[in-house]
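To start, the structure under review is shown below, and the notes come after it.
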Amino acid sequence: MTTKLPQQTVQKKGFTFRDLTPYLYIVPSLALFILFVFYPFVKTIYLSLSSTDLNGNATGFVGFANYITAFQDKTMWTALWVTIKYALMVVAGSIVMGTICAILANESFKGRGLVRTVYAMPMAISSACIAVIATFILNPTMGILNQILGTQIKWLKGINTALPSVAVVTIWMNIGMNYLFVIAALQSVDISLYEAGSIEGVNFFQKHWYITIPSISPTLFFLLIINVINSFQAYAQIRLMTQGGPGKFTTTLVYMIYRETFENMRYASGATMSVILFVILFILTAIQFKVEKKVTY
């Protein structure tokens, strides 16, 4: 004979302040995101679809007319092409130099800790300070670079030298970040691979070309996307070193957005180009997620 146990009734508790507590922790961050990210993003899209006055206030809805005007503007395409050339130089130089520095600093030698600190130092200096110092170094008359080389090259005023000069300065700025990521990735490389390579008699360059680079390829691919996005958003060094000159040979898309918005007071045009830049960066990010699975792990 089986006896039935008395059924226990589960009483539902009402909503208490304790249930709300976890959500209160994200309120400050959410408020900052809404105020400084989400609201400006939505407002930018709204302005890109409107006409604006000199104060930046929307005066009427114009649909995609601003986008049509932007795509017909040869100046925007020129700025985009300058941005692409600048990005190619900066990305290639930054990743290659950062990787080389990390590989050299990862070797066993006396004073390795000091060298690692020196390689990471560019991250501690703001881009504005670096740009100002570089402007003095590249000065055609008083600059130390021309004095060392014995030349009088107008590095920041020449058509063929202005953009590469800014790119070299940016490469030095980005080396620290790339170096830290790569040297962290090097710690996860299996030492047995190097031991097997030494048995096979590979030299220093073969060891890193056939073992190190494939082993850290996911990190290098990540740095590729990050450096491309950062180079497309470059502003401070352009603003302080060349102001987009000579002519428009160093006018990147971000600097053109700045001039359209804050110098020409064409807020709708600046907002439209900002959305176009966002779409470009969104496509680059989508490519990252698409190609990421094909990278060797």
Side-chain angles (χ1 to χ4, degrees), residues 40-93 127-128 131 134-135 138 154-171 173 227-287:
F41 176 72
V42 175
K43 186 65 178 293
T44 300
I45 295 177
Y46 173 69
L47 291 178
S48 70
L49 300 173
S50 309
S51 58
T52 57
D53 57 20
L54 295 178
N55 295 321
N57 300 317
T59 58
F61 182 78
V62 296
F64 292 99
N66 291 328
Y67 290 92
I68 296 174
T69 302
F71 285 118
Q72 292 176 344
D73 187 2
K74 294 182 179 180
T75 306
M76 192 201 74
W77 290 106
T78 302
L80 181 58
W81 175 237
V82 170
T83 304
I84 293 174
K85 292 191 296 183
Y86 172 81
L88 290 174
M89 289 186 286
V90 170
V91 171
S127 57
T135 302
L138 299 175
K154 297 181 179 180
W155 298 100
L156 300 178
K157 299 296 183 181
I159 295 176
N160 298 320
T161 58
L163 190 63
S165 298
V166 179
V168 169
V169 174
T170 308
I171 289 171
M173 290 167 49
N227 279 268
V228 168
I229 292 175
N230 288 340
S231 60
F232 267 77
Q233 294 177 328
Y235 166 75
Q237 53 270 46
I238 300 293
R239 176 72 176 85
L240 294 173
M241 295 179 66
T242 63
Q243 293 82 43
K248 297 184 182 298
F249 284 93
T250 61
T251 300
T252 59
L253 191 55
V254 169
Y255 188 69
M256 184 177 179
I257 292 172
Y258 161 78
R259 298 191 65 177
E260 283 289 291
T261 305
F262 299 104
E263 292 184 2
N264 300 333
M265 302 300 177
R266 298 173 60 186
Y267 295 95
S269 177
T272 303
M273 294 181 187
S274 298
V275 175
I276 294 173
L277 178 60
F278 166 78
V279 172
I280 294 173
L281 296 180
F282 179 82
I283 293 173
L284 294 175
T285 305
I287 293 174

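Because only heavy atoms are used, hydrogens play no part in the values below, and waters and symmetry mates are left out as well, while side chains stay in.
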Which residues pass the side chain to side chain contact (heavy atoms under 4.5 Å, CB included) test with Asn55, not counting sequence neighbours? Asp53, Asn57
Rounded to the nearest 0.5 angstrom, the CG-OG1 distance for Leu80 and Thr251 is 13.0 Å
Gap separating the CH2 atom of Trp155 from the CG atom of Leu138, nearest 0.5 angstrom: 7.5 Å
Where does the angle between the aromatic ring planes of Trp77 and Phe71 fall among parallel (under 30°), tilted (30 to 60°) and perpendicular (over 60°)? tilted
Sequence-distant partners of Tyr67, ring-ring contact (aromatic ring centres under 6.0 Å, His included), two or more places apart: Phe64
In Å and rounded to the nearest 0.5 Å, what is the OG to CE distance from Ser269 to Met256? 6.5 Å
For residues 249-278, which residue pairs pass the salt bridge (charged side-chain N to carboxylate O under 4.0 Å, His left out) check, not counting sequence neighbours? Arg259-Glu263, Glu260-Arg266
Looking only at heavy atoms, which two atoms of Pro164 and Asn160 are closest? And how far apart? CG-O, 3.5 Å
Could you tell me which residues satisfy side chain to side chain donor-acceptor pair (under 3.5 Å) with Thr44, sequence neighbours excluded, listed by chain and number? none
If you look only at distance, which donor and acceptor atoms sit under 3.5 Å apart when one is on a side chain in residues 271-282 and the other is two or more places apart or in another chain?
from, atom 1, to, atom 2, distance (Å)
Thr272, OG1, Ala268, O, 2.7
Ser274, OG, Gly270, O, 2.8

Pair Leu49, Phe61 - check side-chain contact (heavy atoms from CB on, under 4.5 Å), show working. CA-CA 6 Å; Leu49 300 173; Phe61 182 78; 3.7 Å; yes
Looking at residues at least two apart in the chain, or sitting in another chain, which of them share a side chain to side chain donor-acceptor pair (under 3.5 Å) with Tyr86? Thr170, Gln237
My understanding is that only residues two or more places apart in sequence, or in another chain, count here; which of them pass side chain to side chain donor-acceptor pair (under 3.5 Å) with Thr252? none
Taking only residues two or more places apart in sequence or in another chain, which ones pass side chain to side chain donor-acceptor pair (under 3.5 Å) with Asp73? Thr75
Measure the spacing between CE of Met241 and CG of Leu163 and express it to the nearest 0.5 Å. 10.5 Å
For Thr242, side chain to side chain contact (heavy atoms under 4.5 Å, CB included) partners two or more places apart: Leu156, Val166, Ile238, Thr250
What residues, two or more places apart in sequence or in another chain, satisfy side chain to side chain contact (heavy atoms under 4.5 Å, CB included) together with Val62? Ser51, Ala65, Asn66
Main chain of Val90, side chain of Ser231: is a donor-acceptor contact present, judged purely on distance under 3.5 Å? no
In this structure, CZ of Phe262 is separated from CD1 of Ile257 (nearest 0.5 Å) by 10.5 Å
Only counting residues at least two apart or in another chain, list the ones meeting side chain to side chain contact (heavy atoms under 4.5 Å, CB included) with Tyr235. Arg239, Val254, Tyr255, Tyr258
Which value, rounded to the nearest 0.5 Å, describes the distance between Lys85 atom NZ and Phe249 atom CZ? 7.5 Å
